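All figures in this text were calculated on a predicted structure; none of them were measured in a lab.
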Amino acid sequence: MHIECGAKSDQGRIRISNEDYFITDVSNGIFIVADGMGGHAAGEIASRMTAEKVQAILSANHALPSIEERLRFAVHDANTTVYETQKANAEYRGMGSTLTALTFTIDRYHVAQVGDSRAYLLRNGELVQLTEDHSLVWPLYKSGMITKEGISRNPRKNLITRSIGTQPQVEADLWTGPIMERDLFLLCSDGLTDVLSDAELCRILLSGGGDVRQLSDILVAAANSGGGPDNITAVVVSLASEL
């Protein structure tokens, strides 16, 4: 498969800095979104440290035989690095990050998830959220007590139950499935999904007209038009057959 991508990150209309960080490593098929927390400098450090550590492990020649083992090891190593950094430096105390990482094997996609950044798949005109938020609000949605749109209106929506670096250990959720030609993946921070509904995301992704590089810009602009209350990051990855 031939991979194309577009990516955009913006501080939004309210925040004074951008604690999101993304990586688009097309040559190795590795795409990452991390949303930092813990204050201005600490959040930026945590998200960058998380993303770069995961990319380095996934892109290196590694003795672990399966992609699942490599993803779990990458998450473990990133968590240890951020945790030890924040414990050793008072100014970084309590910092952490979400992580959503996408990579591919020959005929499958693989996603590792910690926190409430998300991965979506657009296939045959239907947008499906691949991940589940590690948040206090997500179980309310799963049980039918609130709607998907109600998540972004809930006052506890930003309280996440798992993150990179805030505890000595963390477990990632892993998601996998077959890939198909013309699949479109979206990785994003909650600054996008708190403003745009799944229906709005789907409409924008379907309107791309074949130029995946513009879609991330359009998504971020739409979130800013909706108020831009948080940092916004969108990474869009498109699959096509080799020419």
Any pair with a residue in residues 151-186 that passes ring pair (Phe, Tyr, Trp, His ring centres under 6.0 Å), sequence neighbours left out, goes on the list, sorted by first then second residue, please. Phe104-Phe185, Tyr109-Phe185
Any Leu121 side-chain heavy atom under 4.5 Å of Gln129 side chain: no
Going through the distances and angles, do Leu102 and His110 end up as a side-chain contact (heavy atoms from CB on, under 4.5 Å)? CA-CA 6 Å; Leu102 168 69; His110 306 271; over 6 Å; no
Can you list every pair that meets salt bridge (charged side-chain N to carboxylate O under 4.0 Å, His left out) and has a residue in residues 68-89, with sequence neighbours left out? Lys53-Asp77
Tell me, please, which residues at least two apart from Val220 pass side chain to side chain contact (heavy atoms under 4.5 Å, CB included). Lys8, Asp10, Asn224, Ile232, Ala234
Using the rule that Ile, Leu, Val, Met, Phe, Trp and Tyr join whenever any side-chain heavy atoms are under 4.5 Å apart, tell me whether Leu192 and Leu184 fall into a single cluster. yes
Would you kindly say whether Thr50 and Ser47 are connected by a side-chain donor-acceptor distance under 3.5 Å? no
Less than 4.5 Å apart, side chain to side chain, heavy atoms only: is that true for Arg162 and Gln167? no
Residue list, side-chain hydrogen bond (donor to acceptor under 3.5 Å, both in side chains) with Arg108, at least two apart or on another chain: Thr176
One pair to check against side-chain hydrogen bond (donor to acceptor under 3.5 Å, both in side chains): Gln214 and Asp217. What are the steps and the verdict? CA-CA 5 Å; Gln214 293 184 0; Asp217 292 343; over 6 Å; no
Identify which one of Val235, Thr233, Thr193 satisfies the side-chain contact (heavy atoms from CB on, under 4.5 Å) criterion when paired with Cys188. Thr193
Just to verify, what does Ser152 make a side chain to side chain contact (heavy atoms under 4.5 Å, CB included) with, not counting sequence neighbours? Asp194
Are Val170 and Tyr92 in one and the same hydrophobic cluster, where Ile, Leu, Val, Met, Phe, Trp and Tyr link if side-chain heavy atoms are under 4.5 Å apart? yes
Heavy-atom closest pair, residues Asn231 and Glu19: OD1-N, 2.8 Å
Leu130 with Ile151, same ILVMFWY side-chain cluster at under 4.5 Å: no
Closest heavy-atom contact between Gly94 and Thr166? O-CG2, 4.0 Å
Under 3.5 Å, is there a donor-acceptor pair between the side chain of Glu171 and the main chain of Asp173? no
Tell me, with the steps shown, if Lys148 and Ser197 meet side-chain contact (heavy atoms from CB on, under 4.5 Å). CA-CA 8 Å; Lys148 189 77 170 288; Ser197 68; over 6 Å; no
Working to the nearest 0.5 angstrom, can you tell me the gap between Leu99 CG and Gln113 CD? 7.5 Å
Between Asn79 and Ser163, the two heavy atoms sitting closest are OD1-O, 3.8 Å
Given the rule in the side-chain contact (heavy atoms from CB on, under 4.5 Å) test, do Val237 and Leu187 qualify, once you have shown the distances and angles that lead to the verdict? CA-CA 8 Å; Val237 181; Leu187 308 184; 5.6 Å; no
Quick check for you: to the nearest 0.5 Å, what is the distance between Asn154 atom CG and Leu140 atom CG? 6.5 Å
Among pairs that include at least one residue of residues 88-105, which meet salt bridge (charged side-chain N to carboxylate O under 4.0 Å, His left out), considering only residues two or more places apart or in two chains? none
Of all residues at least two apart in sequence or in a different chain, which pass the side chain to side chain contact (heavy atoms under 4.5 Å, CB included) check with Asp116? Thr98, Asp133, Ile160, Asp190
If you round to the nearest 0.5 Å, how far is CZ of Arg123 from CG of Asp183? 4.0 Å
So if you build clusters from Ile, Leu, Val, Met, Phe, Trp, Tyr with side-chain heavy-atom gaps below 4.5 Å, do Ile164 and Tyr83 land together? no
What I'd like to find out is whether the side chain of Thr147 reaches to under 4.5 Å of the side chain of Arg153, using heavy atoms alone. yes
Filter on ring pair (Phe, Tyr, Trp, His ring centres under 6.0 Å), then keep only pairs touching residues 141-174, sequence neighbours left out; what's left? Trp138-Tyr141
Within the 4.5 Å heavy-atom criterion, are Ile14 and Asp230 side-chain neighbours or not? no
Cut-off 3.5 Å, no hydrogens considered: what does the side-chain donor-acceptor table look like for residues 21-37, sequence neighbours left out?
from, atom 1, to, atom 2, distance (Å)
Tyr21, OH, Glu52, OE2, 3.1
Asp25, OD1, Ser27, OG, 3.0
Asp25, OD1, Asn28, N, 3.3
Asp25, OD1, Asn28, ND2, 3.4
Asp25, OD2, Asn28, ND2, 2.9
Asp25, OD2, Gln55, NE2, 3.2

Nearest atoms (heavy-atom pairs only) where Leu196 meets Glu200: CA-OE1, 3.3 Å
Starting at CE of Met49, measure out to CD of Gln86 and round the result to the nearest 0.5 Å. 10.5 Å
I want to check something: taking the side chain as every heavy atom from C-beta on, are Leu122 and Glu126 in contact at a cut-off of under 4.5 Å? no
Provide the closest heavy-atom pair for Ser135 versus Lys157 in the form atom of the first, atom of the second, distance. CB-O, 4.4 Å
Partners meeting side chain to side chain contact (heavy atoms under 4.5 Å, CB included) with Leu136 (sequence neighbours left out): Arg156, Leu159, Thr161
What is the distance from atom CD1 of Ile106 to atom CD1 of Ile179, rounded to the nearest 0.5 Å? 9.5 Å
Heavy-atom side-chain proximity of Thr131 to Val111 below 4.5 angstrom: yes
Pair listing, salt bridge (charged side-chain N to carboxylate O under 4.0 Å, His left out) test, anchored in residues 136-147, at least two apart: Glu132-Lys142
side-chain hydrogen bond (donor to acceptor under 3.5 Å, both in side chains) partners of Ser216, counting only residues at least two apart: none
If you measure from CD1 on Ile218 to CZ on Arg213, what distance do you get to the nearest 0.5 Å? 12.5 Å
Looking only at side-chain N and O atoms, does Ser9 offer a donor or acceptor that is under 3.5 Å from a partner on Asn18? yes
Among the clusters formed by ILVMFWY side chains lying less than 4.5 Å apart, do Val128 and Leu201 turn up in the same one? no
Which atom pair, heavy atoms only, marks the closest approach of Val195 to Pro229? CG2-CD, 3.6 Å
Between the side chains of Ser238 and Glu4, is a donor N or O closer than 3.5 angstrom to an acceptor N or O? no
